[in-house]
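Proteins come first, then strands; the chains are lettered A, B, ... in the order of their sequence lines, and each starts at number 1.
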Number of protein chains: 2
Amino acid sequence: MPEQSNRKQQILQTAAHLFRQRGYQAASMRDIANAMQIEAASLYHHIKSKEEILESICFEMAARFITGIHEVNDIYFNAEEKLRTAIRNHVTLITQNQARSAVFLYEWRSLPEASLEKFKEMRNDYEEGFRQIVKQGIEEDIFNEVETKFAVLSILSSVNWINEWYSVEGKMSAEEIAQNISNFVMGGLRKRMVTDPDYKP
Amino acid sequence: MPEQSNRKQQILQTAAHLFRQRGYQAASMRDIANAMQIEAASLYHHIKSKEEILESICFEMAARFITGIHEVNDIYFNAEEKLRTAIRNHVTLITQNQARSAVFLYEWRSLPEASLEKFKEMRNDYEEGFRQIVKQGIEEDIFNEVETKFAVLSILSSVNWINEWYSVEGKMSAEEIAQNISNFVMGGLRKRMVTDPDYKP
DNA sequence: CATAATCCCTAACAATTGTTAGGCAAATAT
DNA sequence: ATATTTGCCTAACAATTGTTAGGGATTATG
């Protein structure tokens, strides 16, 4: 009795692509079914409703993001290293699950009110993980004094933008992107100056 | 014979709020009409179609953003000052037209294919304005060597995120926000170090 | 006052939406 | 071999969608 059939995951994947492409509201059940070469009614043997699809995707991704940031906050010590690792995790998660990430990032607004609240809590959990890192950096006197919440939102928005233009065939690898963003962000935070652009911590 | 009746602007404003709140697809003509205490059919004496509403909002805002960046690129000389002014213009435009800006930023995906292409061109124009500034900064040896396109997208995503959390009643003014973001971004770009967090250019 | 324009209404349309009911066929388990 | 589960089908539903037709007021213009 597997928790999730293989077929359900196929539906989630197909739906994620369509939700990303056209938005949750604009992508119909018939669109999803059509992409799977199936009739719309057949979907309902694997899922309860369209909203359940959205919820599954959003909460699964939220859980993965949160797991990542918790691991970072538990293991690494130095704030800069923590931040760089957290960003790398984030970029990796996005580039390796572009469709589902897009849904997590932009389509959660369509969640039913019941789940919406819980989702926002989880997203706040994730942001809180970053806020802790920035605070730690300030306490360690490595980062400039900044409005923590403000800095975190700036960082996350930068990282999330990847989803708009990253493509697997592009010339930048996920690793390179993560490093670029990290450098950029660290420039905005770190106290010590870096004149050498090739500087690596 | 005014190009745009007053009533049409009211429709655009109401629609913008609903498009922002629920998304373009989810907000129906009856929702818009209802918010105006009017019947849905009555809207069609002022606008041609729902898509025309979206187009009006998107292109009007695009024009305003572009005007802003062109003015900056024509008048100011120093790259840092240009960038700070461009960011301030952007923040001002967003905070003073939050609903319409949200539509411009996030709902343009629903534009019909015909307008979509032109819209993307305009958005690219706007980004190109920022790219010029960053390039100028590198040439002037004020900015670090960075992937220009990359830096610009990072900057814009940071600035655009404002729309998610800015509220008129909040404690930060548009001016303060612009300064905060500018400082943060400049930290990531500028060659010279700033140890004093209260530093002003 | 007459004429035109502006603004909104009711009623209805065709299409599309998410979803359910009930059934057929193949694979799996007993 | 029988029973059960799994996966998909056709057909249809009620609701909602954007939009049009045609008409009745109220306001501005001559």
Open item on the list: To the closest 0.5 Å, what do you measure between CD (B:Glu51) and OG (B:Ser56)?
Closed with: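 The CD atom of B:Glu51 sits 11.5 Å away from the OG atom of B:Ser56.
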Open item on the list: To the closest 0.5 Å, what do you measure between CD (A:Glu121) and CD1 (A:Ile66)?
Closed with: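 Taking CD in A:Glu121 and CD1 in A:Ile66, the distance rounds to 10.0 Å.
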Rounded off to whole Å, could you give me the [atom1]-to-[atom2] distance for the [X] and [N] pair?
X	N	atom1	atom2	answer
A:Asn34	D:dC9	CG	P	11 Å
A:Lys8	D:dT6	NZ	P	14 Å
B:Ile11	C:dC7	CD1	P	9 Å
B:Ile38	C:dT6	CD1	P	16 Å
A:Gln9	D:dG7	CD	P	14 Å

TODO: Return the nearest nucleotide to the side chain of B:Glu39; candidates are D:dC8, C:dC7, C:dT10.
DONE: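 Ranking D:dC8, C:dC7, C:dT10 by closest atom to the B:Glu39 side chain puts C:dT10 first.
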Open item on the list: By the definition ring-ring contact (aromatic ring centres under 6.0 Å, His included), identify the one residue from B:Phe119, B:Phe59, B:Phe19, B:Tyr24 that meets it with B:Phe104.
Closed with: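 In the set B:Phe119, B:Phe59, B:Phe19, B:Tyr24, the residue that makes a ring-ring contact (aromatic ring centres under 6.0 Å, His included) with B:Phe104 is B:Phe119.
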- [ ] Flag the pair A:Glu139 and A:Lys135 as a salt bridge only when some basic side-chain nitrogen lies within less than 4.0 angstrom of an acidic carboxylate oxygen.
- [x]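 So A:Glu139 does not pair with A:Lys135 through a salt bridge.
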- [ ] Determine, for B:Arg84 against B:Glu80, whether the closest basic-nitrogen to carboxylate-oxygen distance falls under 4.0 angstrom.
- [x]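 Salt bridge present between B:Arg84 and B:Glu80.
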Distances for protein N or O near nucleotides 14-19 of chain C N or O, under 3.5 Å:
from   : atom 1 : to      : atom 2 : distance (Å)
C:dG18 : OP1    : A:Lys50 : NZ     : 2.8
C:dG18 : OP2    : A:Met29 : N      : 2.9
C:dG18 : N7     : A:Arg30 : NH1    : 2.9
C:dG18 : O6     : A:Arg30 : NH2    : 3.0
C:dT19 : OP2    : A:Tyr44 : OH     : 2.6
C:dT19 : OP2    : A:Lys50 : N      : 2.8
C:dT19 : O5'    : A:Tyr44 : OH     : 3.3
C:dT19 : O4     : A:Arg30 : NH2    : 3.4

Open item on the list: Between B:Ser42 and C:dC9, is there a contact of a side-chain N or O with OP1 or OP2 at under 4.0 Å?
Closed with: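 For C:dC9, OP1 or OP2 has a side-chain N or O of B:Ser42 closer than 4.0 Å.
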TODO: Look at the side-chain N and O atoms of A:His45 and state whether any lies under 4.0 Å from the OP1 or OP2 oxygen of D:dT5.
DONE: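 So the side-chain polar atoms of A:His45 never come under 4.0 Å of the phosphate oxygens OP1 or OP2 of D:dT5.
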- [ ] Ignoring hydrogens and angles, state whether a donor on the side chain of B:Gln13 or B:Gln9 is under 3.5 Å from an acceptor on the partner side chain.
- [x]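 No, no side-chain donor-acceptor contact under 3.5 Å.
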